[in-house]
Structures are given as structure tokens and as C-alpha cells.
Amino acid sequence: MCTGCQSTKPAFEWKVVSGRGRVRSWTTIRQALLPAFAADVPYTVAMVELYEQAGLIMTGQLHDIDLADITLDMPVRAEYTELSQGVKVPHFVPVTT
């Protein structure tokens, strides 16, 4: 959905991006709503604004960081977890300088 006009048929196009960005928001899931996620709780999901364009948001789990260490605007980069049959989903890890 377009965040500007709420259209469900916006004129999106695919672009290659770096996968680097900053944490804009996050939440920690402590109770599995579906049995398939029971082994994963607790886990933290973040909204990450990519550096390529303001407002370009990706959502994924945060890995390799303690909950107490997550901060607003924390730099992260995307990595991918393969689920099955070649399906990959993004997760984010902190960028260390």
C-alpha cells in the first residue's frame, strides 16, 4: 500500500538497494500467535528506513543484538534467512563501524 495516498495499486517498481538503513521503530513479540512461531519467541521486529530514499521502509527481525541495546536510528544492514523452497526473508543486524 502506498503510504502517501493509501492506494492498493500504486505504481511501484523493483530497485536494487544496499539493504543498509536505520531503525525507525521496533517491537518485541513475546507470545506466539501461531504455533509455527512458538519456538522463536521472544523476537524483535523492526521497521528499517533504507538510506537510498526517505520513507522507503523494510520490516524484519533484528538479530545479533540484545533488546536493551536497540536504539532509534541505530544503523543496520539486511541479511536473509532461507525458509524453504528458496523463499528468503530479510532480517537485520547492527552495523559496527
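Excluded from the calculations below are hydrogen atoms, water molecules and symmetry mates; all remaining heavy atoms, backbone and side chain alike, are included. These numbers were taken from a predicted model, which means no experiment stands behind them.
As a member of the Ile/Leu/Val/Met/Phe/Trp/Tyr network built from side-chain separations under 4.5 Å, Val93 groups with nothing else and remains a singleton. In the hydrophobic clustering, Val16 connects to no other residue, as no ILVMFWY side-chain heavy atoms lie under 4.5 Å from its own.
Contacts of Asp64 classified as salt bridge (charged side-chain N to carboxylate O under 4.0 Å, His left out), with partners at least two apart in sequence or in another chain: none. For Asp69, the side chain to side chain contact (heavy atoms under 4.5 Å, CB included) test picks out Ile65, Asp66, with sequence neighbours left out. Considering only residues two or more places apart in sequence or on other chains, Ser18 meets the side chain to side chain donor-acceptor pair (under 3.5 Å) condition with Glu52. In terms of the side chain to side chain donor-acceptor pair (under 3.5 Å) criterion, residue partners of Asp73 (sequence neighbours excluded) are, by chain and number, Arg22, Arg24.
Sorted by first and then second residue, the side-chain hydrogen bond (donor to acceptor under 3.5 Å, both in side chains) pairs involving residues 77-88 (not counting sequence neighbours) are Arg77-Glu79, Glu79-His91, Thr81-His91. Among pairs with a residue in residues 25-37, none fulfils salt bridge (Lys or Arg N to Asp or Glu O under 4.0 Å), at least two apart in sequence or across chains.
How far CD of Gln61 is from CZ of Phe92: 11.0 Å, rounded to the nearest 0.5 Å.
Both Leu72 and Met58 are assigned to one and the same hydrophobic cluster, defined by single-linkage of ILVMFWY side chains at heavy-atom distances under 4.5 Å. Cluster annotation: Val23 and Leu56 are assigned to the same hydrophobic cluster (Ile/Leu/Val/Met/Phe/Trp/Tyr, side-chain heavy-atom contacts under 4.5 Å, transitive). Cluster annotation: Val76 is connected to Val17 through the hydrophobic network of ILVMFWY side chains, with a link wherever side-chain heavy atoms come within less than 4.5 Å.
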What donor-acceptor contacts under 3.5 angstrom involve side-chain atoms of residues 36-45, with partners at least two apart or in another chain?
residue, atom, partner, partner atom, Å
Thr44, OG1, Thr28, OG1, 2.9

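The environment of CG in Leu83 is crowded: more than 12 heavy-atom neighbours from other residues, nucleotides or ligands sit within 6.0 Å.
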